[in-house]
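Working notes, structure below.
Reckoned from all heavy atoms, side chains included, excluding hydrogens, waters and symmetry mates.
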Amino acid sequence: MTYIIKSEKDISFYYYSSGKILSRKRNSEGLSPETTIARDVRSDFTLSLSDSGEAYIFCRDNMGNVLTIKNDGNGYTGRTILENKSGRDNNALYFDARTNGSSMDLIYNVPTGGKGNNDIYFQSLGKEKSAPVLMDSVFALRNDIYRVCTVGGIRVVSYFRNKQRLSLCYREVMEQSIGPLNTVFSSGGAFTDYSVFGSKDGMYFSAVLTNVFSSRLLFRKRTAAGFSDAVPAAEMNMINSPLIFSHNNRINIFFRSGSRAYITSENGRPTAFSGKICEKLARACYADISDGSEIKASEALVNADKPWDIQIYPEISESYTSFISDRKPRRKEYSDYNFMDFFTERGSDN
């Protein structure tokens, strides 16, 4: 998973490649060179922002020991917080941390045997330690075990459960209080992907339900008025890569049907997406800590071969990657960035 943090001054990208966690920044001068954050680690790393805006990275070394890494101002430093005493464990472990001062509240998964089966736990560490609390048993799609988006002080944890019917569900976690289970979509058919977006106005969900003949893109929202009905946003062949986001306070759903891209709005009809999108997309976690952004989202899509190349958002908003600077960007030094600086030519290279 790639993690993207957008601030007033830059966009930071954190991603994994060939045993390393790497980072790049996009600012007014272009795209920075790669910075190596950790070496000889596994691909199942996660990143969380503290209440003060610091990035905390959780990862595992090749022996399966869990490390936490943060930037102390002089570079990235890490320490082992959990030793693996069971030998080489190849199951993926993901952590989401809420950090405030010396306290840390963790959400994490524990594989339970059987392909895709995991338990999700909540545990509070620090001065007030607590025993792990089982939140739910989940079913992973393509190793996508759970996702967390933060709305104000509330973490929303979404995942699939497989209890006779496959269901997309979520719980709200506020401090150490775990809310009731909410079911968004449920079907005896095959869900293949989903997207989630949280804002102060509500929670928004889309999911792809696929059978032998076609795919349906479902949409549902949860606001102060409660749950809306689940409605089909599209019905086409081979729907994939759904993405919910808000642009100028309007809810949009991007998706693909095969290799063709479409976009629709809440209660709208799908129309062909005119922007240029790369062929191989990967999902990213997205956090915007800037003020006044036209685009608000909990997730993003990136070029799978170039995880620093964010898709869709720069195509929609020409100001998305514009940062104030007295210097003009040095285009030649950063020519490997797919989108042209300041969009004199729009679209990605491939």
Side-chain angles (χ1 to χ4, degrees), residues 1-3 14 16 19 21 38 40-50 56-70 78-99 103-126 128-150 154-184 191 193-194 196 283 285:
M1 181 72 78
T2 294
Y3 292 84
Y14 299 84
Y16 178 88
I21 298 174
D40 301 320
V41 294
R42 300 185 185 184
S43 60
D44 51 336
F45 85 97
T46 45
L47 182 149
S48 299
L49 288 177
S50 71
Y56 282 79
I57 293 173
F58 293 84
C59 64
R60 290 191 297 166
D61 62 23
N62 289 333
M63 297 304 297
N65 301 315
V66 178
L67 295 80
T68 180
I69 300 171
K70 69 174 184 176
R79 63 186 180 94
T80 300
I81 61 171
L82 185 64
E83 291 186 359
N84 178 20
K85 297 183 179 180
S86 62
R88 297 181 66 86
D89 181 9
N90 293 321
N91 292 310
L93 297 179
Y94 298 100
F95 295 83
D96 183 85
R98 178 70 184 269
T99 307
S103 67
M104 179 179 292
D105 295 332
L106 290 178
I107 296 169
Y108 59 92
N109 69 291
V110 175
T112 57
K115 188 176 181 180
N117 295 318
N118 288 260
D119 286 340
I120 302 293
Y121 286 90
F122 172 86
Q123 187 171 11
S124 183
L125 304 176
E128 305 254 341
K129 292 183 180 180
S130 69
V133 177
L134 176 64
M135 293 176 59
D136 219 329
S137 297
V138 307
F139 180 76
L141 293 180
R142 297 188 305 276
N143 213 32
D144 187 347
I145 298 172
Y146 69 95
R147 301 181 195 172
V148 178
C149 64
T150 302
I154 300 174
R155 286 188 284 176
V156 179
V157 190
S158 58
Y159 46 79
F160 280 101
R161 297 171 78 243
N162 193 13
K163 304 291 185 183
Q164 296 181 333
R165 294 168 65 87
L166 193 61
S167 302
L168 177 63
C169 306
Y170 76 90
R171 291 184 189 269
E172 297 176 4
V173 178
M174 184 168 60
E175 296 180 349
Q176 298 182 20
S177 175
I178 301 172
L181 183 72
N182 297 275
T183 299
V184 185
F191 287 104
D193 204 352
Y194 75 105
V196 59
R283 193 166 298 277
C285 294

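With Asn182 contributing its side chain and Pro180 its backbone, the two residues share a donor-acceptor pair below 3.5 Å. Between the side chain of Asn65 and the backbone N or O of Asn84, at least one donor-acceptor pair lies under 3.5 Å. Between the side chain of Ser130 and the backbone N or O of Ser124 there is at least one donor-acceptor pair closer than 3.5 Å.
Here the CD atom belonging to Glu175 is positioned 7.5 Å from the CZ atom belonging to Arg98, to the nearest 0.5 angstrom. For the atom pair SG of Cys59 and CZ of Arg42, the computed distance is 11.0 Å after rounding to the nearest 0.5 Å. Considering CG of Leu141 and OH of Tyr159, their distance stands at 14.0 Å, rounded to 0.5 Å. Interatomic distance, CZ of Arg165 versus OG1 of Thr183, reported as 10.5 Å (0.5 Å rounding). Here the CD atom belonging to Gln176 is positioned 8.5 Å from the OG atom belonging to Ser103, to the nearest 0.5 angstrom. Atom-to-atom distance recorded for Arg60:CZ and Ser43:OG is 8.5 Å, nearest 0.5 angstrom.
The shortest distance between side-chain heavy atoms of Val138 and Tyr146 does not fall below 4.5 Å. Contact annotation: the side chain of Tyr3 approaches that of Thr46 to within less than 4.5 Å [non-hydrogen atoms, C-beta and beyond]. Contact annotation: the side chain of Tyr94 never approaches that of Val148 to less than 4.5 Å [non-hydrogen atoms, C-beta and beyond]. The side-chain heavy atoms of Asp193 and Arg142, taken from C-beta on, include a pair separated by under 4.5 Å. Taking the side chain as every heavy atom from C-beta outward, Phe58 and Leu106 approach each other to under 4.5 Å. You'll find the side chain of Asn109 reaches within 4.5 Å of the side chain of Leu93, heavy atoms only. Using a 4.5 Å cut-off on side-chain heavy atoms (C-beta onward), Ile120 and Arg171 make no contact. Side chains of Tyr14 and Thr2 form no contact here, defined as non-hydrogen atoms less than 4.5 Å apart.
Contacts of Ser50 classified as side-chain hydrogen bond (donor to acceptor under 3.5 Å, both in side chains), with partners at least two apart in sequence or in another chain: Ser52. In this structure Phe160 satisfies the ring-ring contact (aromatic ring centres under 6.0 Å, His included) test together with Phe191, Tyr194, sequence neighbours excluded.
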Run the side chain to side chain contact (heavy atoms under 4.5 Å, CB included) check on Ile21 and Val41 step by step: do they pass? CA-CA 8 Å; Ile21 298 174; Val41 294; 3.8 Å; yes
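No close placement of the Phe95 and Tyr56 rings is indicated, their centers lying 6.0 Å or farther apart.
Contact check on Arg283 versus Asp144 returns no salt bridge, with no Lys/Arg side-chain nitrogen under 4.0 Å from an Asp/Glu carboxylate oxygen.
Taking every heavy atom of both residues into account, Asp44 and Ala92 meet most closely at OD2-CA, 3.4 Å. Taking each heavy atom of Asn118 and Ile145 in turn, the nearest pair found is OD1-CD1, 3.8 Å. Of all heavy-atom pairs between Ser137 and Arg161, the closest is O-CG, 3.7 Å.
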